[in-house]
Amino acid sequence: MQLDSKIPDGPLSEKWDRHRFELKLVNPANKRKFKIIVVGTGLAGGSASATLAELGYEVMTFCIQDSPRRAHSIAAQGGINAAKNYQNDGDSIWRLFYDTIKGGDFRSREANVYRLAQISNNIIDQCVAQGIPFAREYGGQLANRSFGGAQVSRTFYARGQTGQQLLLGAYGSLSRQIAAGKVRLFTRREMLELVVIDGKARGIIARNLVSGEQEKHAADAVVLASGGYGNAFYLSTNAMGSNISAAIASYRKGASFANPCFIQFHPTCIPVHGTYQSKLTLMSESLRNDGRVWVPRNPEDKRPPDQIPETERDYYLEEKYPGFGNLVPRDVASRSAKVQCDMGKGVGDTKLAVYLDIKDAIERDGRDVITEKYGNLFEMYEKITAQNPYETPMMIYPAVHYTMGGLWVDYNLMSAIPGLFVLGEANFSDHGANRLGASALMQGLADGYFIIPYTIGGYLAQASLDTVREDHSAFNESSLQVETRIKKLLSIEGKRTVDDFHRELGHILWENCGMTRKDKGLKKARGLVADLRAEFWENVLVGGSGKEFNQSLEKAGRVADFLDIGELMVIDALERKESCGCHFNEAFQTEENEALRDDENFRHVSAWEYRGEGCDPVFQKEPLEFENVELTQRSYK
Amino acid sequence: MTKTGDKSCINLKLKVWRQKGPDVKGRFETYKTRDVSTDMSFLEMLDVVNEEMILSGKDPIAFDHDCREGICGACGAVVNGRAHGPEKGTTLCQLHMRHFSNGDTVVIEPWRSRAFKVVKDLVVDRSVFDEIIQAGGYISVNTGGAPDGNAIPVPQAAAEKAMDAAACIGCGACVAACPNASAMLFVGAKISQFTLLPQGLPEAKKRALAMIGKMDELGFGNCTNEAECEKECPKEISIENIARMNCEFFKAGFL
Ligand SMILES: Cc1cc2nc3c(=O)[nH]c(=O)nc-3n(C[C@H](O)[C@H](O)[C@H](O)COP(=O)(O)OP(=O)(O)OC[C@H]3O[C@@H](n4cnc5c(N)ncnc54)[C@H](O)[C@@H]3O)c2cc1C
Ligand code: SF4
Ligand code: FES
């Protein structure tokens, strides 16, 4: 099948306006006749649900947590970008666009990214109007900071809890629509199947996580905003419940999956400390604005950090990238940390950590200033590690953080299945091979508040949909699929727990499909994942029944799907015979060990179409055209 | 990783509230757990206990959790009589086992309040919090057409205070800790956030009446200034917010 990105014609800066004008509109009186299912209540799903309901659509919103306010977006710390140029430091829509395209190593669409930069400003206005307590200057104006590799100050923030505040804003708007009767909310529900009728997405099968009952829900369109798949690696910075099941179920029904191997490793996380560990904690990378990253020059140096003199410290980022120093993009910072540790220069018990030292900043600005900026982060660090960052440098190491890959969508955010739209981290759309800091919140809210409300109207206005009810045979078939799978999971009664399989999968992916990759390792991983999946379906021990609150069963379904995405990730990594952004194949690097792109052969989106159990997925290519920016070798020297 | 017998491993006796469902009687069950690394978080300790239970064919302990970094508000249990355990300003997921000693008995039970029904074991139904927010915990603006973000300056001190209140994670510990099972701290925090910001003022009175009315309707108790909520709140939300809410409520009454 040919993937048509449906990018509108015309000059870059006019595409979105023109497209909005050309999209067919749904008559206001008819909007209430359309039912829309939104899966997810994070920034993307929460903002979409609220806005669609405000427009008059009948919305049904689902989430797995007990409240929409607990979606994983709540955990975002650092901030959200916008091209406001309030600081008068040279920012512009063009610059935000350019930084994002370049940061993504030229593997995203110009038109999408430009639109994102345009919309970024509306997001801030909207959020301020919602009463989000953004940080302010003394004069009462909005404050900004520079973040993750940007040379301008364009990041808006609410202490270290920006995601929380933005999500509570969207949750407030959603709550208002629930009270108005325009949104029906289904919490503790997990979408397990997509229902496709006449080639169009027409509903979902969800499991009530409290009673175990299955529910069928029909609609005119389905919007997936179910988040990313970083948890395939077992340990990641994602919330424990973040999963790929809704997206993989849609993939199995015909939605293509794009760039699954583009996975971001966040450079500033608290290192792993034990086998029982359940997740990794991120330290906001805003710390890199004031913290200096270093390791001892001598791998044999066992002295505590305060006894290692300046001259024997290797501030490797500052040395190698004098232009950007500690603020190089995430992929570069993460890989550099790994390189240092591979050379034996890592610190701490496991030797898989580097120092992030705030001492010089305290001397420069005073403890009060630093506490005001980072106090809550330091407290969090101390709670976990029992070490005081004011006295001894923090230890950090990269961790799986964000997935740029996701379901393939066109410019309208519609997947390869008509009527299935995908928003937020669940789609692949805007970040190419590497996402810049503070850009995910921007994208999630752009998708939900400002893009889907228009594009879904364009679809509904011309789709001429028949009425479909829950007693349609397609609902019964999908429901039977769900039931069969749950029965199977429960009946295996094997010897290994779900977590045990998950940990092993994570280990395979981390070792072979992580920050650096080799063809040999990837090939090995393909076999290992396939074997592990085979064993899972013969030897997993779930326990309990399907008709009750059963957290082990929930996890089992999610891990089964992580095994599938794990395999797809590896297949995709093997196919992309270049290095770009976060995908670093050691065979393709410059003399200075930077990612070496192959624009001639790989300037495209790789999308994968499902072909059935046991069959290899089919490769689809969406070529990327660059008409406005010149493809350059990224350099942060 | 620490090894068996190492001083950074402890043995504990857990007394855990087990309850199959909202309408079934619950009871404490006792489990022995050995070699708990003191670097573990409380929930990681429960993970390990649950793995063993699954392997031996028992029903694992159900508990809510998600972010495991103190921000989503999903986790929570009363540990040795204290909501979220003994550490100040800490959610259960951020509590580490280094705060316990070898041989300790640890009593773990769900939030107890008329308004929060037990779903299973330590999992409770807090959807009443969502209902209170639906009653008015927002500013009524539709998407689109918002004025420039800098059009209305907000004094820094006001923004900071609003943020202090907005930091509430909706965990419900305040209700669990309150002898009257009052939700005043939760509601006061939301009302305060919007009272402190110019954007929230047009609806301030309506909001206060609607949210407080809903809270009473849902069966939460009254505030008698015990201040237990503030003490147990993992985000250290101040009871100043309750005073501010009461003030708004009186102002609204004299409308
Ligand atoms: C620790 C951390 C810090 C971050 N900091 C920043 C930052 O400072 N700036 C930035 O821009 N980005 C940041 N990010 C990234 C950003 O937070 C996420 O990419 C973004 O919030 C994702 O939003 P979302 O709406 O797409 O999905 P999520 O917030 O993940 O929401 C997913 C929703 O889908 C629901 N769901 C999932 N599966 C199902 C199913 N099968 N059935 C029903 N419902 C389902 C869930 O219940 C949830 O409501 C951070 C990420 C992490 C992990
Ligand atoms: S006020 Fe504190 S204790 Fe109460 S819900 Fe909010 S964060 Fe939890
Ligand atoms: S699990 Fe999110 S606050 Fe504890």
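When reading the values below, keep in mind they use all heavy atoms of this one structure, side chains included, and skip hydrogens, waters and symmetry mates. Quick note on labels: first sequence line is chain A, next is B, and so on, each numbered from 1.
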Item to check | Inter- and intrachain pairs under ring-ring contact (aromatic ring centres under 6.0 Å, His included), touching residues 121-149 of chain B, at least two apart | outcome: B:Phe116-B:Phe129, B:Phe129-B:Phe186

Next on the checklist: Please classify the contact of A:Leu142 with chain B as side chain, backbone, both or neither, using a heavy-atom distance under 4.5 Å.
Outcome noted: both

Next on the checklist: With a 4.5 Å cut-off on side-chain heavy atoms, are B:Asp125 and A:Asp66 touching?
Outcome noted: no

Item to check | salt bridge (Lys or Arg N to Asp or Glu O under 4.0 Å) contacts in which one or both residues fall within residues 132-148 of chain B, not counting sequence neighbours | outcome: A:Lys84-B:Asp148

Checklist entry - Heavy-atom distance under 4.5 Å to chain A: side chain of B:Val154, backbone, both or neither? => result both

Checklist outcome for this item: Here the pair of heavy atoms bringing A:Phe549 nearest to B:Lys120 is O-NZ, 3.2 Å

Item to check | Any B:Val123 side-chain heavy atom under 4.5 Å of A:Arg188 side chain | outcome: yes

Checklist entry - Could you state the interatomic distance from CD (B:Glu69) to CD1 (A:Ile270), rounded to the nearest 0.5 Å? => result 8.5 Å

Next on the checklist: So for A:Leu168, is it side chain, backbone, both, or neither that comes closer than 4.5 Å to the heavy atoms of chain B?
Outcome noted: side chain

Checklist entry - Do the non-hydrogen side-chain atoms of A:Arg176 and B:Asn142 ever get within less than 4.5 Å of each other? => result yes

Next on the checklist: Testing the basics here: between A:Thr385 and B:Arg98, what is the closest heavy-atom pair and its distance to 0.1 Å?
Outcome noted: C-NH2, 4.1 Å

Next on the checklist: Using every non-hydrogen atom in the two residues, find where B:Asn150 and A:Tyr86 come nearest and quote the distance to one decimal.
Outcome noted: N-OH, 3.3 Å

Next on the checklist: Less than 4.5 Å to any heavy atom of chain B: does that hold for the side chain of A:Glu379, its backbone, both, or neither?
Outcome noted: neither

Next on the checklist: Heavy-atom cut-off 4.5 Å, strictly under: side chain, backbone, both or neither for A:Leu282 against chain B?
Outcome noted: backbone

Next on the checklist: So, taking the atom named CG in A:Asn238 and the one named CZ in B:Arg68, what distance separates them when rounded to the nearest 0.5 Å?
Outcome noted: 13.5 Å

Item to check | Contacting moiety of A:Ser552, where chain B heavy atoms sit under 4.5 Å | outcome: side chain

Next on the checklist: For A:Val542, which atoms come within 4.5 Å of any heavy atom of chain B: side chain, backbone, both, or neither?
Outcome noted: backbone

Checklist entry - What distance separates A:Asp500 CG from B:Ile54 CD1, expressed to the nearest 0.5 Å? => result 11.0 Å

Item to check | Side chain, backbone, both or neither of A:Asn122 within contact of chain B (heavy atoms, under 4.5 Å) | outcome: neither

Checklist entry - Which heavy-atom pair separates B:Asp130 from A:Ser67 by the least distance, and what is that distance? => result OD1-OG, 2.8 Å

Next on the checklist: For A:Ile384 and B:Gln94: C-alpha separation, side-chain torsions, deciding distance, then whether side chain to side chain contact (heavy atoms under 4.5 Å, CB included) applies.
Outcome noted: CA-CA 7 Å; A:Ile384 296 174; B:Gln94 290 179 303; over 6 Å; no

Checklist entry - Heavy-atom distance under 4.5 Å to chain B: side chain of A:Leu280, backbone, both or neither? => result backbone

Next on the checklist: If I measure from the heavy atoms of chain B, does A:Glu493 come under 4.5 Å with its side chain, its backbone, both, or neither?
Outcome noted: neither

Checklist entry - Relative to chain B, which segment of A:Ala50 carries a heavy atom at a distance below 4.5 Å: side chain, backbone, both, or neither? => result neither

Item to check | Atom pair CE (A:Met240) and CG (B:Leu43), whose distance is rounded to the nearest 0.5 Å | outcome: 8.5 Å

Next on the checklist: Can you tell me which portion of B:Glu44 sits under 4.5 Å from chain A's heavy atoms? Options are side chain, backbone, both or neither.
Outcome noted: side chain

Checklist entry - Is the shortest heavy-atom distance from the side chain of A:Lys279 to the side chain of B:His65 under 4.5 Å? => result no

Checklist outcome for this item: So, the part of B:Val48 with a heavy atom under 4.5 Å from chain A: the answer is side chain

Next on the checklist: Does B:Lys206, at its NZ atom, have more than 12 non-hydrogen atoms belonging to other residues, nucleotides or ligands within less than 6.0 Å?
Outcome noted: no

Next on the checklist: Looking at every non-hydrogen atom in both residues, tell me the closest pair between B:Pro147 and A:Asp125 and how far apart they are.
Outcome noted: O-CB, 3.3 Å

Checklist entry - What parts of residues 126-135 of chain A touch chain B if we use heavy atoms and a cut-off under 4.5 Å? => result A:Gln126, A:Val128, A:Ala129, A:Gln130, A:Gly131, A:Pro133, A:Phe134

Next on the checklist: Which atoms of B:Thr90 are under 4.5 Å from chain A, going by heavy atoms: the side chain, the backbone, both sets, or neither?
Outcome noted: both

Item to check | Most chain A-contacting option - heavy-atom pairs closer than 4.5 Å, from B:Leu95, B:Asp64, B:Ile152 | outcome: B:Asp64

Checklist entry - With a 4.5 Å limit on heavy-atom distance, are the side chains of A:Gln164 and B:Ile169 in contact? => result yes

Checklist entry - Can you check whether B:Lys235 reaches A:Gln161 side chain to side chain, under 4.5 Å on heavy atoms? => result no

Next on the checklist: Quick check on A:Glu137 against chain B: is it the side chain, the backbone, both or neither that has a heavy atom closer than 4.5 Å?
Outcome noted: backbone

Checklist entry - Where do B:Ile71 and A:Ile74 come nearest, in terms of heavy atoms and distance? => result CG1-O, 3.5 Å

Next on the checklist: Report which part of B:Val36 has an atom under 4.5 Å of a heavy atom belonging to chain A: side chain, backbone, both, or neither.
Outcome noted: neither

Checklist entry - Side chain, backbone, both or neither: which part of B:Asp59 has an atom under 4.5 Å from a heavy atom of chain A? => result neither

Next on the checklist: Can you confirm whether B:Thr143 sits close enough to A:Ser173 that some side-chain heavy atom of one is under 4.5 Å from a side-chain heavy atom of the other?
Outcome noted: no

Next on the checklist: Tell me whether B:Glu160 is salt-bridged to A:Arg136, with the criterion being a basic N under 4.0 Å from an acidic carboxylate O.
Outcome noted: no

Next on the checklist: Less than 4.5 Å apart, side chain to side chain, heavy atoms only: is that true for B:Glu87 and A:Lys383?
Outcome noted: no

Side-chain donor-acceptor pairs under 3.5 Å in residues 194-204 of chain B, sequence neighbours left out?
residue: B:Thr195; atom: OG1; partner: B:Ile191; partner atom: O; Å: 2.6
residue: B:Glu203; atom: OE1; partner: B:Ser140; partner atom: N; Å: 2.8
residue: B:Glu203; atom: OE2; partner: B:Ser140; partner atom: OG; Å: 2.5

